[in-house]
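Presented below is the structure to which this report refers.
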Amino acid sequence: MTQFKTVRGMRDLLYEDAETMRYIEQTARQIASLYGYGEIITPIVEPYELLAAKAGEEVRSRMFTFQDLGDRRVALRPEFTASLARVVATRLRNEPRPFRLFAVGSIYRYDEPQRGRYREFWQSDYELMGSSRPEADAEIILLTDSLMKQAGLKNHAFKVGHVGIMRGIFRQEKLNEKVQDEIMQLMDKKQYEDAFKAVENAEASEKCQQVLRDLVATGGKDTSAVIDSIREHVKDYSSAVEAAGNLNEILKLVSEGGAEIDLTVEAGFERGLEYYTGMIFEVNIRGLDIALGGGGRYDRLIELFGGDPTPAVGVAHGIDRMMLGLQEQKVEHGGQTEALVTVIPIGDAMRSQALRVSRILRDANISVETEVLGRRMVKALEDADRRKMHYAVLVGEREMKEKTVVIRDLRRRDQKTVTIDEAIEIINQSRTERS
Ligand code: AMP
């Protein structure tokens with residue numbers, strides 16, 4: 001017989017893992033509501049062209065793509081931003097700005113599977129569309145900080161850069177877009193020597209090559225000192241100077257906004273997606289050297305999808321990686337569900353009564369597992385013990401005639417005959433004692 005496994009890079013999430021995933025999803029939803037982001041649900045399958053438009057070569061080459069039966073070229077979404085930009089360019093076109101949009105769900109990329117890297121993974125995504133002002137960029141960073149804290153993660157740190165610094169230099173050097181994109185991809189992968197080689201091959205000036213080397217070596221936590229030094233390096237490239245000024249404003253707003261944030265500026269930091277036009281960032285936690293989330297400003301994507309010019313900034317958080325972070329840091333969370341009570345019919349004749357009693361308990365908001373294996377009482381009780389349940393409710397013929405049940409306290413190992421209402425009271429009483 002064939003033993004089926006999950007497709008490579010895709011996982012089943014069992015019990016605790018599923019609960020942790022839903023807990024993070026719930027936390028993400030809570031943050032969305034605290035910051036006024038409305039949830040949007042979009043299809044997992046989208047037109048290939050939409051997703052490929054500005055995703056960048058790295059993501060484009062890793063898409064799950066296929067022809068559907070109507071011969072359309074479609075793909076599984078490798079991110080949310082394109083779908084949300086489509087929504088703004090079409091359905092929300094005539095609505096007042098800004099838009100604060102939230103999405104959460106599964107994402108698909110043909111990445112090489114390893115710890116924290118899967119082919120199906122989950123993201124929570126926040127997009128603030130319609131503002132080009134630095135306070136919008138600051139809000140996205142602060143929101144990410146809130147999410148990490150609210151989820152219970154400790155020691156998270158931000159790495160921030162600005163696409164406009166390098167792009168400004170390349171544009172002034174008249175490098176074409178394709179070459180620029182290639183260089184940015186190499187920088188994103190930290191293949192700096194290859195990036196410098198590509199700059200040289202593109203016949204950029206000697207000065208440009210030197211400035212790039214200087215920039216890659218420029219970074220640190222003293223943000224205003226780093227910005228000053230970036231400004232000094234790029235002083236001959238006017239739009240790069242402007243970009244550094246914009247980054248400075250954003251970072252000032254973040255720090256004056258009151259949050260204690262661990263933040264490093266890196267002038268040579270790039271991200272793989274081609275649509276970025278401004279500030280970019282990643283969030284990491286110590287001990288887990290992979291990014292938990294990343295985002296940035298993309299001012300031209302919505303226009304590209306046929307919408308009105310709409311500056312925008314957003315972030316996506318990797319829920320699977322946040323799960324790893326919680327495990328690594330041994331963070332307890334309150335999301336766990338527990339069935340405290342088992343209801344056992346004494347003999348087959350009592351099966352329907354056991355279902356009825358279970359339903360009454362559930363109507364009182366008590367989690368109940370009903371015995372469905374037809375086991376004798378002793379066996380069913382042994383199993384309930386093993387699974388650390390707190391109560392067994394025994395449904396016998398004699399008790400039913402008297403409209404009672406036997407409630408057995410599995411920890412104290414005593415039992416008494418009570419009405420169903422009394423049983424509910426006893427169970428609720430023990431729940432309040434424990435909480
Ligand atoms: P990106 O859309 O590439 O900026 O990714 C945003 C976040 O999604 C990253 O910071 C990761 O936390 C997460 N992520 C990206 N790719 C994967 C993957 N293959 N497996 C798990 N999480 C991922």
Side-chain angles (χ1 to χ4, degrees), residues 6-11 13 17 20-21 24-25 27-28 42 44 46 51-64 75-85 101-127 140-141 143-145 147-148 151 153 156-161 163 181 184-185 187-190 269-298 301 312-328:
T6 56
V7 171
R8 184 167 152 76
M10 308 208 179
R11 298 148 300 148
L13 297 180
D17 286 344
T20 307
M21 147 90 73
I24 299 175
E25 191 178 316
T27 309
T42 58
I44 289 177
E46 290 273 18
L51 300 171
K54 270 285 178 192
E57 195 44 40
E58 180 70 14
V59 168
R60 203 159 32 231
S61 63
R62 292 176 189 275
M63 278 205 272
F64 282 84
L76 305 184
R77 62 183 176 208
E79 53 143 6
F80 279 115
T81 310
S83 304
L84 294 176
L101 309 181
F102 166 70
V104 60
S106 57
I107 295 292
Y108 301 83
R109 290 184 197 170
Y110 207 80
D111 281 335
E112 200 42 43
Q114 50 187 281
R115 188 173 131 88
R117 190 174 295 280
Y118 314 102
R119 289 182 178 171
E120 180 185 57
F121 59 98
W122 276 259
Q123 280 186 344
S124 59
D125 186 283
Y126 304 77
E127 309 288 345
I140 289 291
I141 294 179
L143 173 157
T144 296
D145 181 60
L147 175 61
M148 297 295 141
L153 289 162
H156 62 280
F158 288 82
K159 184 161 82 178
V160 186
V163 169
D181 291 346
M184 301 297 249
Q185 294 282 343
M187 295 244 180
D188 176 37
K189 290 192 231 150
K190 304 201 169 21
F269 166 51
E270 296 303 338
R271 309 200 67 235
L273 298 160
E274 271 165 24
Y275 51 61
Y276 288 124
T277 54
M279 181 277 297
I280 48 170
F281 73 99
E282 258 176 27
V283 60
N284 292 273
I285 54 171
R286 251 176 257 146
L288 202 73
D289 54 352
I290 39 181
L292 264 66
R297 174 166 286 283
Y298 53 98
L301 193 63
V313 54
V315 60
H317 307 106
I319 293 183
D320 310 74
R321 293 189 184 175
M322 290 177 70
M323 281 169 72
L324 280 178
L326 291 176
Q327 281 159 9
E328 193 96 349

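Counting starts at 1 for both ligands and their atoms, following the listed order.
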Greater than 12 external heavy atoms within 6.0 Å of R11's CZ:
yes

Name all residues meeting the side chain to side chain donor-acceptor pair (under 3.5 Å) criterion together with S106; count only those two or more places apart in sequence or in a different chain, and write none if there are none.
Y108

In short, salt bridge (charged side-chain N to carboxylate O under 4.0 Å, His left out) pairs touching residues 287-298 with sequence neighbours left out are D137-R297, R297-D299

Please say whether more than 12 non-hydrogen atoms of neighbouring residues, nucleotides or ligands are located less than 6.0 Å from OH in Y110.
no

Would you call the rings of F102 and Y126 parallel, tilted or perpendicular, taking 30° and 60° as the class edges?
tilted

Residues around ligand 1, heavy atom under 4.0 Å from any ligand atom, sorted by chain and number. Can you pull those?
R109, D111, G116, R117, Y118, F121, Q123, R271, A291, L292, G293, G294, A316, G318, R321

Name all residues meeting the side chain to side chain donor-acceptor pair (under 3.5 Å) criterion together with N284; count only those two or more places apart in sequence or in a different chain, and write none if there are none.
none

